[in-house]
Each structure stands twice: as structure tokens, then as C-alpha cells.
Amino acid sequence: MRGIKILGAGMYMPDTVASNDWFSTILDTNDEWIYSRTGIRERRISEDKPNWYMASEAAKRAVADSGIDPSEIDLVLAATCSPDYFYPALSCLVQQQVGAENAAAFDINSACTGFINALDTASRFLEDDDYRNILIVASERLAPHCDYTDRTASILFGDGAGAAVVTKNDKPMWSYLSAKGDFFNALWCKVDQSRANCPLLKPDTLPEGLIDTEAKTHTLQMNGKAVYKFAVDAMETAVNKVLAKSGLTTDDIDLYIPHQANARIIESAVKGLKLPPEKVYVNLEKHGNTSSACIPTCLAELKADGRIKDGMTICLVGFGAGLTSGAIVFGQ
Ligand code: COA
């Protein structure tokens, strides 16, 4: 039986606060519009700290919180869609920074669903006797991806990192993971190969449905309405599917941690699923959407507040570019 226990959690947020009022100095927008449409007041921007630095700080804090020695970590999984390097993997940089000398390491990219996919992967490794402790870090530096002349998308995202150390547990876990590649062009960012100099290279062949003009190249592109519609449905479907697998009902869950994209998306899903709002943790007012880092930063805040307790049943649910989605239910 699969099961995971969170031994430790940690997070790192950059110092620089980008408030809604700051956005109103660079764009035709205002706090009232942003807050009422998204629930976000401010987010952090990493002016000079790369993704690997944020990821490693969050990871070190999670390892310290877990009480294990870094040498006891068997695997480092990093979820990111905004790495500093194509290679090495972000997880290898984190492994080196943390001193997890005995760990294997690889990355997972399913954008904002990254932590859910990484936790699911970790639980499967933990079924193997060779793996006891797994460090999962989800870290994003999206400021370099965002187009700060695009008032619809840039106001949503923030930088930050969250991490968790997980180990085996007798209590069960269930997951439901999904990808709908048909919606790949609802949220995308193209790799910048503009400085490639192989004389044989020709312009890229683009997948049908993707418009790549000079203005759009290499920055985050989003169809906000399409993502919104997908998100509410995907969260409800994922929670219903994972609960059906588990045989549990919504009442059996002590704590829900949804992906923190937009307060209105969360509210719609909460209403559709008839969840008690007091069981649903939301921190996006201060952080915005930090993509894969949203869920582990919630875990880190909750754990620091003593709100993650043994015996609890916790449900994580998320969605993101791909478009991907998924939910996990586990007993802590
Ligand atoms: N400030 C002021 N006005 C803005 C604005 C901003 N920051 N962003 C957009 N607007 C304007 C639009 O230009 C439009 O003006 P118009 O009617 O004159 O053309 C109007 O507000 C309505 O825009 P619209 O795109 O319909 O707004 P919306 O209610 O759909 O909200 C989002 C936009 C992005 C907040 C919403 O679609 C959303 O949250 N989508 C999901 C995105 C997401 O979660 N992405 C990450 C997934 S992991």
C-alpha cells in the first residue's frame, strides 16, 4: 500500500514585494481590479536570486525541519517549469547545495501541477526498499518569463519555492493525475533559441494552434478565460476522482490545499464540491500564483503553524499548463 508522511517542510520567498499598487505604476491596472478578480494583493519577485538558490534555501529548511541528516536522503525530486539551466537538472543543483550526497536526482515539469506529480512519483519510489526519505522541492522564478506589458497575465504570478521531506507511511494514499494536451496552447512559453548559430537551422515548425509572433516569443502566453474554465472543472473532477478511488467522502478530509491561482477559481470549486471553506487553505493574497511552489509553500506555512498533525487526512489538488491537473489524498 502506498503512503507518505511529511517529515519536514520549508519555503523561501524573495524579499522584493510587487504589490498591486506597484503594478498600477507600470500598467493600466489598479488594486481594486486585481484583488476583486484574483484575490491577490501582492507577490514576490526574485530580483537577483536564481531559481536554484530559492529551491536550495527551501530544501535546506525542509531538511532541517525533518530532523534527518542530508546523507539520509535517497532521492531529490525538483518540480519546476522555470529552471535556470536546461541541464544539469535543478534537482542536481539542490542535491549539491543541501549535501544530499547519497541521493539520486531528477526533475519533473508539469508546470503548476508539478508538486502533485512529484509527490505521486515519490510515493511510488517509497514502495521500493531502496528509498526511505525523499526531498521534493518545487521552485519557480517566473518573473523572467512574464511579459510586464501584459496586464492580464503578469499580475497573477510570483516567484518562490517550497519543499517537503517525505517518508513511508502505513496510512494509505491515493492519487489521480491527468493531462489534456489538446489545450497546450492555453498556457505556454517557448524556449529562447534566438541565439542559436548552427548554419543549418531553419525557423521552428510550430504545433498547429500556436501563434508565435515576435511580440509573443519567449514570454508566458495565456488564454485566461480558457484556463479559468478548465481549472474549475479540473479541480472538481480531480477531487471527485481521487475520493472515489479512496472510498472517502469530502467530509473525511481534514484539510484541502488547492493550487493558488485565483481566489475565484478556488471559491467556485469549493462551492461546486460543497466543501466547508474553513477546511480550505488559501495563501495567494500575499504570494500570488507561484506555480508548482504554491502547494508546498502552503504545506510549509501550515506545518510551521502546527496545523499539519499526525492522523489528519489531507487533500491536495492542482492544475496548470499542459493543461495538467491532479489530486492526492493521504493520511499524515
Ligand atoms: N487590470 C485592469 N483591467 C484588466 C486587467 C488588469 N490587470 N487584466 C485584464 N483587464 C481588462 C481586459 O483588458 C478586459 O478589458 P475589455 O473588456 O476592455 O477588453 C477586461 O479587463 C476583462 O478581461 P478578462 O480577460 O475578460 O478578465 P477576466 O475576468 O477573465 O479575468 C483573469 C482575467 C486572468 C484574472 C482570469 O481569466 C483568470 O484568472 N484566468 C485563469 C488564469 C490562471 O489561473 N492562470 C494560471 C493557471 S496555473
Side-chain angles (χ1 to χ4, degrees), residues 18-43 79-82 108-118 138-143 145-160 162 177-181 183-189 215 219-238 257-270 272 282-285 287-298 316-327:
S19 66
N20 292 347
D21 289 337
W22 175 76
F23 270 95
S24 69
T25 67
I26 61 162
L27 288 170
D28 181 14
T29 189
N30 56 70
D31 178 55
E32 198 281 325
W33 194 98
I34 299 174
Y35 186 69
S36 64
R37 300 290 179 112
T38 69
I40 300 166
R41 287 261 189 233
E42 60 187 48
R43 68 294 285 147
T80 190
C81 60
S82 53
I108 287 176
N109 176 1
S110 47
C112 302
T113 320
F115 186 79
I116 299 233
N117 281 295
S139 182
E140 306 286 1
R141 188 172 182 221
L142 292 166
H145 286 205
C146 289
D147 173 2
Y148 286 86
T149 65
D150 172 2
R151 65 180 179 172
T152 309
S154 61
I155 51 113
L156 298 174
F157 297 97
D159 300 336
L177 306 179
S178 170
K180 302 272 182 229
F183 297 107
F184 74 93
N185 61 350
L187 187 49
W188 57 278
C189 182
T219 56
L220 183 152
Q221 303 299 321
M222 185 182 75
N223 179 338
K225 281 201 191 312
V227 175
Y228 193 107
K229 195 164 166 288
F230 169 85
V232 176
D233 183 56
M235 295 231 285
E236 292 186 20
T237 301
I257 306 180
H259 174 49
Q260 310 281 313
N262 181 321
R264 288 195 300 146
I265 292 175
I266 296 173
E267 279 157 21
S268 297
V270 164
V282 178
N283 73 358
L284 58 68
E285 186 170 339
H287 304 317
N289 180 351
T290 56
S291 185
S292 66
C294 285
I295 290 176
T297 54
C298 290
L316 314 178
V317 56
F319 60 89
L323 294 172
T324 53
S325 58

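Order of appearance sets the numbers: ligands from 1, and atoms from 1 within every ligand. Because the structure is a prediction, the values reported are computed rather than measured.
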> Nearest to atom 44 (O) of ligand 1, what protein heavy atom do you find, and at what distance?
Replying inline: A261 CB, 3.4 Å
> To which protein heavy atom is atom 40 (N) of ligand 1 closest, and what is the distance rounded to 0.1 Å?
Replying inline: G224 O, 2.9 Å
> By number and element, which atoms of ligand 1 are closer than 4.0 Å to a non-hydrogen atom of C112?
Replying inline: 48 (S)
>> Apply side chain to side chain contact (heavy atoms under 4.5 Å, CB included) to residues I116 and H259 and explain how you reach the verdict.
In response: CA-CA 10 Å; I116 299 233; H259 174 49; over 6 Å; no
>> Please work out, at 4.0 Å between heavy atoms, whether the side chain, the backbone, both, or neither of N30 comes within that distance of ligand 1.
In response: neither
>> Checking S110 against N117 for the side chain to side chain donor-acceptor pair (under 3.5 Å) test, could you report, in this order, the C-alpha distance in whole Å, the side-chain angles of both residues, the deciding distance, and whether it holds?
In response: CA-CA 7 Å; S110 47; N117 281 295; 2.7 Å; yes
> Do any pairs count as a salt bridge (Lys or Arg N to Asp or Glu O under 4.0 Å) and have a residue in residues 20-31, sequence neighbours left out, and if so which ones?
Replying inline: D28-R151, D31-R41
> What distance do N20 atom CG and L27 atom CG have between them, rounded to the nearest 0.5 Å?
Replying inline: 11.0 Å
>> Under the salt bridge (Lys or Arg N to Asp or Glu O under 4.0 Å) definition, can you give me all pairs with a residue in residues 220-230, not counting sequence neighbours?
In response: none
> Can you tell which of F157, Y228, F230, W33 gets a heavy atom nearest to atom 21 (O) of ligand 1?
Replying inline: W33
> Does the protein put any heavy atom within less than 4.0 Å of atom 1 (N) of ligand 1?
Replying inline: yes
> Which value, rounded to the nearest 0.5 Å, describes the distance between Y228 atom OH and I265 atom CD1?
Replying inline: 6.0 Å
> So, S24 versus N30: side-chain donor-acceptor pair below 3.5 Å or not?
Replying inline: no
> Identify the closest protein heavy atom to atom 11 (C) of ligand 1: which residue and atom is it, and at what distance?
Replying inline: R151 NH2, 3.5 Å
> Any protein heavy atom under 4.0 Å from atom 16 (P) of ligand 1?
Replying inline: no
> With a 4.0 Å cut-off, strictly under, does atom 19 (O) of ligand 1 pick up any protein heavy atom?
Replying inline: no
> Among protein heavy atoms, which lies nearest atom 43 (C) of ligand 1, and at what distance?
Replying inline: V227 CG1, 3.7 Å
> Does at least one non-hydrogen atom of F23 fall below 4.0 angstrom from an atom of ligand 1?
Replying inline: no
> Would you call M235 and S325 a side-chain contact if the rule is heavy atoms closer than 4.5 Å?
Replying inline: no
>> I need the nearest protein heavy-atom contact for atom 42 (C) of ligand 1: residue, atom name and distance, please.
In response: M222 SD, 3.6 Å
> Any side-chain heavy atom of R43 sitting closer than 4.5 Å to one from F23?
Replying inline: yes
> Can you list the ligand 1 atoms lying under 4.0 Å from a non-hydrogen atom of N289?
Replying inline: 46 (C), 48 (S)
> Starting from atom 34 (C) of ligand 1, which protein heavy atom do you reach first, and at what distance in Å?
Replying inline: T152 CG2, 3.6 Å
> What's the shortest distance from atom 39 (O) of ligand 1 to any protein heavy atom, and which residue and atom give it?
Replying inline: N262 ND2, 2.8 Å
>> Within the structure provided, determine whether H145 and L142 are in side-chain contact (heavy-atom separation under 4.5 Å).
In response: yes
> So which of E32, K225, R37, H259 gets nearest to atom 29 (O) of ligand 1, if we judge by its closest heavy atom?
Replying inline: R37
>> Applying a heavy-atom cut-off of 4.0 Å, say which part of T29 lies close to ligand 1: side chain, backbone, both or neither.
In response: both
>> Would you say atom 47 (C) of ligand 1 makes contact with the protein, given that contact here means a non-hydrogen protein atom less than 4.0 Å away?
In response: yes
>> Less than 3.5 Å apart, any donor N or O on the side chain of S82 or E140 sitting next to an acceptor on the other?
In response: yes
